[in-house]
Enquirer: 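Below: one structure in structure tokens.
Only heavy atoms go into these numbers, but all of them, side chains included; no hydrogens, no water, no symmetry mates. Throughout, protein chains are lettered first and strands after them, A, B, ... in sequence-line order, and every chain is numbered starting at 1.
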Amino acid sequence: MSLTQAPYLETERLILRGPEPEDAEPLTEFLLDRARSDGFGGYDHRGDAWRWFALNVGHWHLRGYGYFTIELKEAGTPAGISGIWNPEGWPEPELGWVVFAEFEGKGIASEAARRVRRYAYEDLGLKTLTSNIVPGNTRSIALAERLGASYERTYQNYNMGEDLLYRHPGPDEVLG
Amino acid sequence: MSQLPHLETDRLILSAPGAADQPAMLSFLGSDRAEFYGGPMEPVAAWHKFSAYVGQWVLRGYGFYAIRLKDSGETIGMAGPHHPEGFAEPEMSWLLTDAAYEGKGYAREACEAVLRDLFETRGWDSVVSYIDTANAASRALALRLGARLDETGAPCPLPGCESFRHFAPGRSPEARA
């Protein structure tokens, strides 16, 4: 059953593809790990985490874009997610990423986020992109800055409360 | 997008819900009619809920169909097996988004098509419906669809409701006896 029109993107080490049922388990594990998943709202119950997964699939169907599953080419296993997120109530389309615990420290998030950003500008035709980061998530802030994004403002996210909005360089700069 | 589910009846088209159904569904979830679905809720929560209904198709391979009128194309409701995490089994559900669509047999027509698909195409033996004890219309429709009160399945996971079970032809306990 494929309801998502997610394209299949590649980088040197990664495949980015639409969400599939087998991704639900590793993602649920991540979402229930509150220390790591605060930037995604943080969930306490399997049912809520499952609903987030279903929400992402619906997001693809309703918006035409969403979170890709990041797969390692060599291992063929899901290593995280990265994509463009813009559910109802969001300030504007966001470039998001997360790498599951055992895959951290290998530059996977950076490699995936760069590819997704190019896709957002080239294929979706977006003119600007933000990344919304919860205060204190120093890893994500460091990556946003390495990607060339800069802090713009702090706003109230309906789900996560106080949230930092970083803005990425635009299509001209990214696509050269 | 080649595998989009699609059913047709005399007056209705049933297909996986999409952006076209969003206004009608958000309006429904924001109204008092959505009490059994956790409503009435704000647009943000409604969008999340609706989006998760859509996503269930990929996770389970089945889900809610949007019900649209053939003539006008307008969305009038949803029907199909709903199966969130926490439900022991899929639950055949239906709703009409607005009172203006009631009393015309639309829900029955949609449910009959969905049940036929579940039993004949997908080979399910039975499917449960959880019905709010205060919802006389839904209870009456469940009975007209051939469902009967069910005490065999897991207890109804929702408060204030009763379980009814629909059986595929020849698969009811009597027929199998």
Side-chain angles (χ1 to χ4, degrees), chain A residues 1-8 17-29 31-32 40-41 43-69 81 83-91 155-161 163, chain B residues 1-6 14-30 37-39 41-66 75 78 80-88 90-91 117 121-122 157-158:
Chain A
M1 176 64 54
S2 184
L3 276 184
T4 64
Q5 54 284 69
Y8 187 89
R17 55 162 178 78
E20 297 292 340
E22 63 266 25
D23 305 334
E25 198 49 47
L27 187 69
T28 297
E29 203 174 300
L31 290 171
L32 291 175
F40 284 77
Y43 299 91
D44 293 321
H45 304 288
R46 284 189 64 82
D48 296 333
W50 194 91
R51 193 151 49 241
W52 193 93
F53 185 82
L55 165 68
N56 179 39
V57 175
H59 190 292
W60 271 104
H61 192 57
L62 295 171
R63 294 283 198 244
Y65 53 85
Y67 270 101
F68 293 90
T69 295
I81 59 174
I84 307 297
W85 194 239
N86 188 28
E88 192 76 20
W90 224 241
Y155 77 103
Q156 283 296 316
N157 185 285
Y158 68 83
N159 194 18
M160 294 168 303
D163 209 19
Chain B
M1 300 287 281
S2 56
Q3 299 165 303
L4 273 186
H6 184 95
L14 284 73
S15 60
D21 309 302
Q22 189 177 304
M25 278 305 300
L26 262 49
S27 158
F28 165 80
L29 289 168
Y37 292 83
M41 61 187 83
E42 299 296 315
V44 167
W47 193 90
H48 280 69
K49 198 170 199 60
F50 175 56
S51 190
Y53 288 156
V54 178
Q56 190 203 291
W57 274 101
V58 172
L59 283 162
R60 305 283 195 198
Y62 51 82
F64 272 122
Y65 292 85
T75 304
M78 297 207 302
H82 179 43
H83 194 176
E85 174 88 11
F87 274 27
E91 189 233 342
D117 179 64
T121 310
R122 294 169 184 262
L158 307 169

Enquirer: Any idea which heavy atoms bring A:Val57 and A:Pro19 closest together, and the distance?
Expert: CG2-CG, 3.8 Å
Enquirer: Between A:Glu22, A:His59, A:His45, which shows the greatest number of heavy-atom pairs under 4.5 Å with chain B?
Expert: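 When all of A:Glu22, A:His59, A:His45 are compared, A:His59 has the most.
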Enquirer: Is it the side chain or the backbone of B:Gln22 that comes within 4.5 Å of chain A heavy atoms, both, or neither?
Expert: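 Side chain only.
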Enquirer: Indicate the atoms forming the closest heavy-atom contact of B:Val58 with A:Pro21, along with that distance.
Expert: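 Looking at all heavy atoms of both residues, the closest pair is O-CG, 3.1 Å.
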Enquirer: Which heavy atom of A:Asp23 sits nearest a heavy atom of A:Thr69, and at what distance?
Expert: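 The answer is OD2-OG1, 2.8 Å.
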Enquirer: Does anything in residues 44-53 of chain B get under 4.5 Å of chain A by heavy atoms, and if so which residues?
Expert: B:Val44, B:Trp47, B:His48, B:Phe50, B:Ser51, B:Ala52
Enquirer: Between A:Tyr43 and A:Trp50 (judged by ring centroids, cut-off 6.0 Å), do the two rings come close enough to count as a pair?
Expert: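 Between A:Tyr43 and A:Trp50, the centre distance exceeds or equals 6.0 Å.
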Enquirer: Does B:Glu42, at its CD atom, have more than 12 non-hydrogen atoms belonging to other residues, nucleotides or ligands within less than 6.0 Å?
Expert: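 Count not over threshold, so no.
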Enquirer: Does any non-hydrogen side-chain atom of A:Leu31 lie less than 4.5 Å from one of A:Phe53?
Expert: no
Enquirer: Side-chain atoms of residues 83-90 of chain A: list all donor-acceptor pairs with protein atoms under 3.5 Å, sequence neighbours left out, distances to 0.1 Å.
Expert:
{"residue": "A:Asn86", "atom": "ND2", "partner": "A:Tyr65", "partner atom": "OH", "Å": "3.2"}
{"residue": "A:Trp90", "atom": "NE1", "partner": "A:Glu94", "partner atom": "OE1", "Å": "3.0"}

